[in-house]
Engineer: 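Please find one structure pasted underneath; my questions will follow.
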Amino acid sequence: AQFGALCPIMENGGGGEHRPWMYDDDVETIYRRFTRLHHELIPYLYSQGAKAWADGVSLMQFTGDQYTYQLGEDLLVAAMVEPGTQRRVPFPPGRWRPWLNEDAVHDGDQTLQLDVPYSEFPVFVRDGALIPLEVTDRCTGHGGPFSRDHLTLAVYPREDESHSFDLCEEQGPGARFRWRDESGVLTLETTDTAQPLLWRVRGRGDATRVLTAEGEELPRVDSADQLEEHHQCWTTDGDSLLLIRLKDAAAGMTLQIMR
């Protein structure tokens, strides 16, 4: 289930019993978490798939290790193909953090021996990435009920850098999202989009103000659970996570994050 969830199409193949609920509660819980993760990835996979097709390349780019590949530009997957929880992971250049537990960061150009519990998987997000997600609950740790009916934009900014992502939609014009950091001031930009947005920014839990391009200050709420109470607002979740909810970005929007 874990490997299937981190492929462009999730399939529960192989021999034996395919119904997870026929095993035990732990198996069912793990299966549920990874099916939710695959569903969350649909905006990313669809957009990166369209780009890969236009570029004439595969959405899964293997890195040299037989079972390690990049899924799109910004996710690294080291498939577990042997029994147990140990996996040697060869990291490409960059800095990579475990995507289901974002506390650690691993430098690239090295191989590490990692212990990965069955409830997780060796999937890593590149520092600097911008990942669009369809999050509906807390199952994967990427949001909660406040994320529902919003496009989550998971951002992992790096100092004095920038990155953009072109969203491809099956029905709709798409949009471009961008972050840029200049001397510690983070700017978040979106072109016109009919989708309500939830910016999820790692490393900006110390934000003090969120301003629009016109200088309007967005209201701050005390917790993520209160985000649904306002048309647009923000909060922090823990020491390092910033959440900004925008109900209407139909005319595009630029935000500045002040520390």
Engineer: Between R88 and P90, which heavy-atom pair has the shortest distance, and what is it?
Structural biologist: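 Between these two residues, the closest heavy atoms are O-CD, 3.6 Å.
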Engineer: Measure the shortest side-chain to side-chain distance between P8 and L71 over non-hydrogen atoms and say whether it is less than 4.5 angstrom.
Structural biologist: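 With C-beta onward as the side chain, the pair touches.
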Engineer: Kindly give the heavy-atom pair with the smallest separation between S47 and C168, and that separation in Å.
Structural biologist: OG-N, 2.8 Å
Engineer: Distance from Q70 atom CD to W96 atom CH2, nearest 0.5 Å?
Structural biologist: 4.5 Å
Engineer: Hydrophobic clustering (ILVMFWY, side-chain heavy atoms < 4.5 Å, transitive) - are L243 and L130 grouped together?
Structural biologist: no
Engineer: Calculate, to the nearest 0.5 Å, the distance between atoms CZ and OG1 belonging to R204 and T236 respectively.
Structural biologist: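 One finds 13.5 Å between CZ of R204 and OG1 of T236.
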Engineer: Return the set of residues passing side chain to side chain contact (heavy atoms under 4.5 Å, CB included) with D137 (not counting sequence neighbours), or none when no residue passes.
Structural biologist: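 Expected list: R36, C139.
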Engineer: For residues 46-65, pull every pair meeting ring pair (Phe, Tyr, Trp, His ring centres under 6.0 Å), keeping only residues two or more places apart or in separate chains.
Structural biologist: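 Pairs touching residues 46-65 that pass the test: F62-Y69.
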Engineer: Are side-chain heavy atoms of R209 and R220 found at a separation under 4.5 Å?
Structural biologist: no
Engineer: Only counting residues at least two apart or in another chain, list the ones meeting ring pair (Phe, Tyr, Trp, His ring centres under 6.0 Å) with W99.
Structural biologist: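 Partners of W99 by the ring pair (Phe, Tyr, Trp, His ring centres under 6.0 Å) criterion, ordered by chain and then number, come out as H142.
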Engineer: What pairs of donor and acceptor atoms, side-chain ones from residues 250-259 against any protein atom, are under 3.5 angstrom apart with sequence neighbours left out?
Structural biologist:
from, atom 1, to, atom 2, distance (Å)
R259, NE, D206, OD1, 3.2
R259, NE, D206, OD2, 3.2
R259, NH2, G203, O, 3.2

Engineer: With sequence neighbours excluded, tell me which residues meet side-chain hydrogen bond (donor to acceptor under 3.5 Å, both in side chains) with R97.
Structural biologist: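 By the side-chain hydrogen bond (donor to acceptor under 3.5 Å, both in side chains) rule, R97 matches D127.
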Engineer: How long is the span from the CZ atom in F121 to the CZ atom in F3, to the nearest 0.5 Å?
Structural biologist: 7.5 Å
Engineer: Report the residues that fulfil side chain to side chain contact (heavy atoms under 4.5 Å, CB included) with T152, sequence neighbours left out, ordered by chain and then residue number.
Structural biologist: L133, V135, S147, L198, R200
Engineer: Quick check: is W199 connected to W234 through a chain of hydrophobic side chains (ILVMFWY, heavy atoms under 4.5 Å apart)?
Structural biologist: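 Yes, because W234 and W199 connect within a single hydrophobic cluster, where side-chain heavy atoms sit under 4.5 Å apart.
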Engineer: Ignoring hydrogens and angles, state whether a donor on the side chain of T140 or R33 is under 3.5 Å from an acceptor on the partner side chain.
Structural biologist: no
Engineer: Using distance only, find each side-chain donor-acceptor pair of residues 111-120 under 3.5 Å and give its atom names and separation, not counting sequence neighbours.
Structural biologist:
from, atom 1, to, atom 2, distance (Å)
Q113, NE2, Q86, OE1, 3.2
D115, OD1, T85, OG1, 2.6
D115, OD1, Q86, NE2, 2.7

Engineer: Who are the side-chain hydrogen bond (donor to acceptor under 3.5 Å, both in side chains) partners of R158, not counting sequence neighbours?
Structural biologist: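 Counting only residues at least two positions away or on another chain, R158 forms a side-chain hydrogen bond (donor to acceptor under 3.5 Å, both in side chains) with E161.
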Engineer: Side chains of D149 and P196, heavy atoms from C-beta outward: is any pair under 4.5 Å?
Structural biologist: no
Engineer: Using 0.5 Å steps for rounding, measure from the CD atom of Q48 to the CG atom of D55.
Structural biologist: 9.5 Å
Engineer: Within a strict 4.5 Å, meaning less than it, do heavy atoms of the P132 and L153 side chains meet?
Structural biologist: yes
Engineer: Rounded at 0.5 Å granularity, tell me how far CZ in F146 sits from OG1 in T136.
Structural biologist: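 Going from CZ on F146 over to OG1 on T136, the span is 11.5 Å.
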Engineer: Under a 4.5 Å cut-off applied to non-hydrogen side-chain atoms, are R126 and Y156 in contact?
Structural biologist: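 Result no, sub-4.5 Å side-chain heavy-atom pair not found.
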Engineer: With heavy-atom distances below 4.5 Å as the criterion, would you say the side chains of W179 and V201 are in contact?
Structural biologist: no
Engineer: Identify whether the distance between the nearest side-chain nitrogen and carboxylate oxygen of R180 and E189 falls below 4.0 Å.
Structural biologist: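 Salt bridge: yes.
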Engineer: Within this structure, what is the CG-NE2 distance for the pair L37 and H39, rounded to the nearest 0.5 Å?
Structural biologist: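 Answer for the CG-NE2 pair, L37 versus H39, is 11.5 Å.
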Engineer: Would you please indicate if the ring centroids of F124 and F91 are separated by under 6.0 Å?
Structural biologist: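 Under 6.0 Å, so yes.
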Engineer: For E159, does the CD atom sit with more than 12 other heavy atoms under 6.0 Å from it, leaving out its own atoms?
Structural biologist: no
Engineer: Would a single hydrophobic cluster contain both M10 and L100, if residues Ile, Leu, Val, Met, Phe, Trp and Tyr are joined by side-chain heavy-atom contacts under 4.5 Å?
Structural biologist: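 As far as the 4.5 Å side-chain criterion goes, M10 and L100 are not connected within one cluster.
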Engineer: Excluding sequence neighbours, so at least two apart, what forms side chain to side chain contact (heavy atoms under 4.5 Å, CB included) with Q226?
Structural biologist: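 In terms of side chain to side chain contact (heavy atoms under 4.5 Å, CB included), with neighbours along the sequence ignored, Q226 is linked to V221, D222, S223, E229.
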Engineer: I'd like to check H163 versus D74 (side-chain heavy atoms, cut-off strictly below 4.5 Å). Are they in contact?
Structural biologist: yes
Engineer: Count I, L, V, M, F, W, Y as connected when their side-chain heavy atoms are under 4.5 Å apart, and connections chain through other members. Are L41 and M60 then in the same cluster?
Structural biologist: yes
Engineer: Quick one: does T68's side chain have a donor or acceptor within less than 3.5 Å of a partner on A78's backbone?
Structural biologist: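 Absent.
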Engineer: Looking only at heavy atoms, which two atoms of M80 and G84 are closest? And how far apart?
Structural biologist: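 So the minimum-distance heavy-atom pair works out to CE-O, 3.5 Å.
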Engineer: Please check if atom CG in D160 has more than 12 non-hydrogen atoms from other residues, nucleotides or ligands closer than 6.0 Å.
Structural biologist: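 Yes.
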Engineer: Just wondering, do L45 and I9 contact through their side chains at under 4.5 Å, heavy atoms?
Structural biologist: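 No, too far: nothing below the 4.5 Å cut-off.
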Engineer: Can you list everything that forms a side-chain hydrogen bond (donor to acceptor under 3.5 Å, both in side chains) with E82? Sequence neighbours excluded, please.
Structural biologist: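 By the side-chain hydrogen bond (donor to acceptor under 3.5 Å, both in side chains) rule, E82 matches no residue at all.
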Engineer: If every non-hydrogen atom of L218 is compared with every non-hydrogen atom of C233, which pair is closest and at what distance?
Structural biologist: CD2-N, 4.3 Å
Engineer: Can Y44 and F165 be said to form a side chain to side chain contact (heavy atoms under 4.5 Å, CB included), step by step?
Structural biologist: CA-CA 9 Å; Y44 175 79; F165 188 96; 3.8 Å; yes
Engineer: Sequence neighbours excluded, which residues qualify as side chain to side chain contact (heavy atoms under 4.5 Å, CB included) partners of A249?
Structural biologist: T190, T193, L197
Engineer: Nearest heavy-atom pair of D24 and D26: which atoms, and what distance?
Structural biologist: OD1-N, 3.1 Å
Engineer: Kindly write out the residues that satisfy side-chain hydrogen bond (donor to acceptor under 3.5 Å, both in side chains) with D166, not counting sequence neighbours, or none if the list is empty.
Structural biologist: R176
Engineer: Are I131 and V77 co-members of a hydrophobic cluster defined by side-chain heavy atoms under 4.5 Å apart?
Structural biologist: yes
Engineer: Restricting to non-hydrogen atoms, name the atom on R202 and the atom on S240 that form the minimum distance, rounded to 0.1 Å.
Structural biologist: NH1-OG, 2.6 Å
